[in-house]
There are 4 protein chains.
Amino acid sequence: MRKLSDAGLRVFAERGYHAARVDDIVRSARTSHGTFYLYFANKEDLLRALAVECADSLFELADALGEIEGEFGYEELRAFLAEFLGIYRSYGVVIRAWMEDQVPDRDVARTGVKAYTAIAKRLAVRLEESGSVQPVDAATSVSALMAMLERFNYAVSSRGLGAHDDETLDTVARLVGQGFFGIGVSRPA
Amino acid sequence: MRKLSDAGLRVFAERGYHAARVDDIVRSARTSHGTFYLYFANKEDLLRALAVECADSLFELADALGEIEGEFGYEELRAFLAEFLGIYRSYGVVIRAWMEDQVPDRDVARTGVKAYTAIAKRLAVRLEESGSVQPVDAATSVSALMAMLERFNYAVSSRGLGAHDDETLDTVARLVGQGFFGIGVSRPA
Amino acid sequence: MRKLSDAGLRVFAERGYHAARVDDIVRSARTSHGTFYLYFANKEDLLRALAVECADSLFELADALGEIEGEFGYEELRAFLAEFLGIYRSYGVVIRAWMEDQVPDRDVARTGVKAYTAIAKRLAVRLEESGSVQPVDAATSVSALMAMLERFNYAVSSRGLGAHDDETLDTVARLVGQGFFGIGVSRPA
Amino acid sequence: MRKLSDAGLRVFAERGYHAARVDDIVRSARTSHGTFYLYFANKEDLLRALAVECADSLFELADALGEIEGEFGYEELRAFLAEFLGIYRSYGVVIRAWMEDQVPDRDVARTGVKAYTAIAKRLAVRLEESGSVQPVDAATSVSALMAMLERFNYAVSSRGLGAHDDETLDTVARLVGQGFFGIGVSRPA
DNA sequence: CATGAATGAGTGTTCATTCAT
DNA sequence: AATGAATGAACACTCATTCAT
């Protein structure tokens with residue numbers, strides 16, 4: 001039930017997965033404990049469901065990345081980043097929960113890693129095609145890229161800096177392009 | 001008491017702060033519940049104590065950064081990174097706990113941010129002096145740098161990749177130097 | 001919930017407030033720990049609730065005292081005493097707990113004192129109206145009266161002397177009438 | 001050790017027997033936990049020791065009551081009351097602890113009751129000798145007398161009314177004399 | 001004699017989960 | 001389908017008591 005998933009996302013984001021009480025979620029969704037357990041086996045199951053939702057979004061993003069025709073330059077990179085950061089904005093808690101060992105469920109972690117890998121691969125392909133990539137080491141640098149995006153995005157959103165405005169997006173895009181892939185991007189005037 | 005702090009670090013790292021049971025910590029320290037509460041007011045107090053320890057290490061690192069004479073090039077950057085990643089290796093959980101909203105104590109969070117800021121400032125100064133810096137935007141890029149180091153380091157250590165060997169250190173150093181500060185570093189032969 | 005209040009009264013009476021275990025209360029009420037904390041914030045809150053119940057009974061008694069028409073002689077005094085001792089029989093522990101400094105909650109103590117004062121005032125009025133009162137000192141003697149009733153009643157009930165039979169009631173009534181208020185009461189033949 | 005007994009009396013009086021912590025007593029006596037258990041088997045043993053002290057004082061009072069030559073009138077009653085209330089001031093907690101079922105030790109309770117009975121007997125004898133006694137019922141009224149003194153004294157001391165001044169003593173003396181024993185005492189001018 | 005760090009059984013409290021309605 | 005009162009296992013924390021120094 002959407003009401004509950006949304007409430008879960010809200011409460012997890014506010015308090016963190018472990019500190020979140022089923023009671024908080026249920027109250028936030030204006031429903032009852034009974035209903036919660038009608039749709040989810042338990043609290044962890046809600047996290048799993050949210051993780052799947054998140055993974056789906058990431059897979060979609062990966063597909064979109066593969067379907068772009070023509071050159072993959074600064075604008076495209078920037079558009080991708082905006083997309084990715086948006087997903088992170090919604091599912092940050094879930095991503096962090098599965099990345100860290102807060103949840104014992106191995107399947108959730110695996111799904112997450114798979115989604116991440118899908119994106120990483122597509123991105124690597126795209127950038128290589130564009131001919132401007134000179135990654136220090138593919139695996140390491142893509143990992144570092146994702147890491148930075150995740151953590152940076154968290155910092156930005158938690159500092160209450162609000163939406164990712166153009167300035168921020170540009171900075172990140174240039175950092176990623178120049179630093180990780182050697183795209184000497186000066187923002188097109 | 002050292003035994004307990006160490007055990008806390010171990011257990012927090014294994015299970016995460018919230019999932020960690022006082023009983024686990026006590027058992028890991030081969031001591032009793034009573035002893036735990038002799039030295040710490042409660043579980044959160046242990047986190048606070050560890051956070052202070054961590055912050056001290058970071059402040060020391062900041063000072064060391066300020067006292068380096070002469071040029072601040074690749075080797076110095078690499079040494080700094082090794083140092084920083086080492087601290088993160090020990091205090092990762094604590095850093096993440098205070099960075100995320102897992103702990104209600106505002107003082108802990110403030111101390112952590114202060115320590116981070118101290119490092120960030122010194123680093124910015126050092127790199128500017130070295131003349132090779134062309135940061136996209138100082139505040140943003142240093143923030144991103146710290147973010148990346150944190151998250152990347154976490155990824156590396158949690159994947160069980162073990163110690164930070166030379167290869168990894170070099171990759172990171174080059175990424176940081178080239179990407180964030182425009183230092184065109186090719187590893188000195 | 002009545003089951004829990006009653007069980008609380010029972011267990012507090014048996015073991016005293018401090019020695020009483022929530023587990024005892026819960027078992028005596030044939031319910032669970034969870035249910036206890038569903039209705040009461042904590043052990044002290046149960047005492048508070050019982051104190052309010054007790055205070056209500058005392059206020060009712062005070063009102064009844066004010067509504068008696070006609071003379072207030074031996075029979076009326078005796079009836080009042082029977083009523084008061086009955087309340088004490090049920091809520092003895094609570095009264096003692098709030099009279100002594102066993103409970104940190106100042107509000108509970110204040111409510112109790114207020115209820116006592118209400119009774120004392122009405123009683124003083126009634127007896128003065130009856131014209132036979134020559135109290136040594138109003139404040140002191142009413143205080144002493146209540147004190148005696150409380151403590152005496154406790155002694156009687158804890159010695160297992162069972163219900164307050166006619167003999168006991170008569171003795172107390174005569175003591176109070178003669179000693180405190182100078183009513184030369186010879187038991188009506 | 002006197003230091004510890006005194007500290008025990010202080011702390012028991014402040015917090016009540018159950019709420020009193022051995023740590024409080026030890027700190028109040030400026031000594032250590034080890035020393036406490038050198039002189040007392042456990043917390044209850046300290047209460048026992050204090051109860052014996054208290055009983056001794058009461059037995060002494062009983063003896064003094066028996067050794068008074070000549071008449072036992074208002075002044076003698078008043079002197080006795082002052083003595084009794086003084087003992088209660090010091091040992092109130094202990095008396096209450098043994099009177100109520102707060103302590104499982106049956107011996108303590110028995111000693112206390114014995115001491116009380118000793119006083120009650122002597123007092124009854126003295127008053128009967130004085131020829132002015134017409135107790136309603138010996139057993140009941142003496143019990144009520146002790147009860148009242150105890151409880152009243154508590155009320156007086158806990159209300160912060162300070163020492164038992166002449167006024168209070170006179171009021172109590174007249175109440176007891178007139179009410180319990182029919183001594184028509186008007187304070188000697 | 002004196003100490004106080006260490007102990008662990010015991011207690012209050014929480015919260016995910018169930019089930020009769 | 002929906003409810004929410006009831007449950008009890010699990011956890012944080014306390015404090016009387018011990019014992020090596």
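Lettering follows sequence order; numbering is per chain, from 1. What you see is a predicted model; the values in this text were computed from it and never measured.
Put simply, NE2 on A:H18 is 13 Å from C1' on F:dC11, counting in whole angstrom units. E:dA6 atom C1' lies 15 Å from atom CZ of B:F40, rounded to whole Å. Atom CD1 in B:I25 sits roughly 13 Å away from atom P in F:dC11 (whole-Å rounding). To the nearest angstrom, P of F:dT14 lies 15 Å from NZ of B:K43. The interatomic distance linking D:L4 (CG) with E:dC1 (C1') rounds to 13 Å, in whole Å. E:dT7 atom C1' lies 15 Å from atom CG of D:D23, rounded to whole Å. Atom CG in B:D24 sits roughly 13 Å away from atom C1' in F:dA12 (whole-Å rounding). A straight line from CZ of D:F36 to C1' of F:dC15 spans 12 Å, rounded to a whole angstrom.
D:H18 and C:H18 have parallel rings, their planes meeting at less than 30° on a 0 to 90° scale where 60° marks the start of perpendicular.
Residue whose closest nucleotide on DNA chain F sits further toward the 5' end, between D:G34 and C:R30: C:R30.
Between the P atoms of E:dC1 and F:dT21, the separation comes to 23 Å (whole Å).
For A:H33 and E:dT18, a side-chain-to-base donor-acceptor distance below 3.5 Å is absent, hydrogens and geometry of angles not being considered.
Between A:R2 and A:D6 there is a salt bridge, since a side-chain N of the basic residue sits under 4.0 Å from a carboxylate O of the acidic one.
For C:Y39 and F:dA5, the shortest distance from a side-chain N or O to OP1 or OP2 is not below 4.0 Å. Taking side-chain N and O atoms only, D:T31 has a distance below 4.0 Å to OP1 or OP2 of E:dT3.
Residue-level contact check: A:A20 touches the backbone only, with heavy atoms under 4.0 Å from sugar-phosphate atoms and none from bases.
For A:R21, the side-chain atoms get nearest to E:dA16 when compared with the rest of F:dA16, F:dA2, E:dA16. In this structure, the nucleotide among E:dT13, F:dT14, E:dA16 sitting nearest to the side chain of B:Y37 is F:dT14. You'll find that the side chain of C:T35 is closest to F:dA6, out of F:dA6, F:dA16, F:dA12. Out of F:dA2, E:dA2, E:dA6, the shortest distance to the side chain of D:L38 is found at E:dA2. Considering only side-chain atoms of D:M1, the nucleotide from E:dA2, F:dA5, E:dT13 that sits closest is E:dA2. Comparing atom distances between the A:S32 side chain and each of E:dA2, F:dA2, F:dC13 picks out F:dA2 as nearest.
Without hydrogens or angle criteria, D:R15 side chain to D:R21 main chain gives no donor-acceptor distance under 3.5 Å. At least one donor-acceptor pair under 3.5 Å links the side chain of C:K43 to the backbone N or O of C:A20.
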Query - Pairing pattern in dot-bracket form [Watson-Crick, G-U; both distances under 3.5 Å; | = partner strand] for DNA chain F - result: .||||||||||||||||||||
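A:D45 and A:Y39 get closest at one heavy-atom pair: OD2-O, 4.4 Å.
For the atom pair A:L58 CG and A:I87 CD1, the distance stands at 4.5 Å (nearest 0.5 Å).
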Query - Verdict with reasoning, B:I25 to B:L4, per side chain to side chain contact (heavy atoms under 4.5 Å, CB included) - result: CA-CA 7 Å; B:I25 298 168; B:L4 278 165; 4.3 Å; yes
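With a 4.5 Å cut-off on side-chain heavy atoms, C:F59 and C:C54 do not count as touching.
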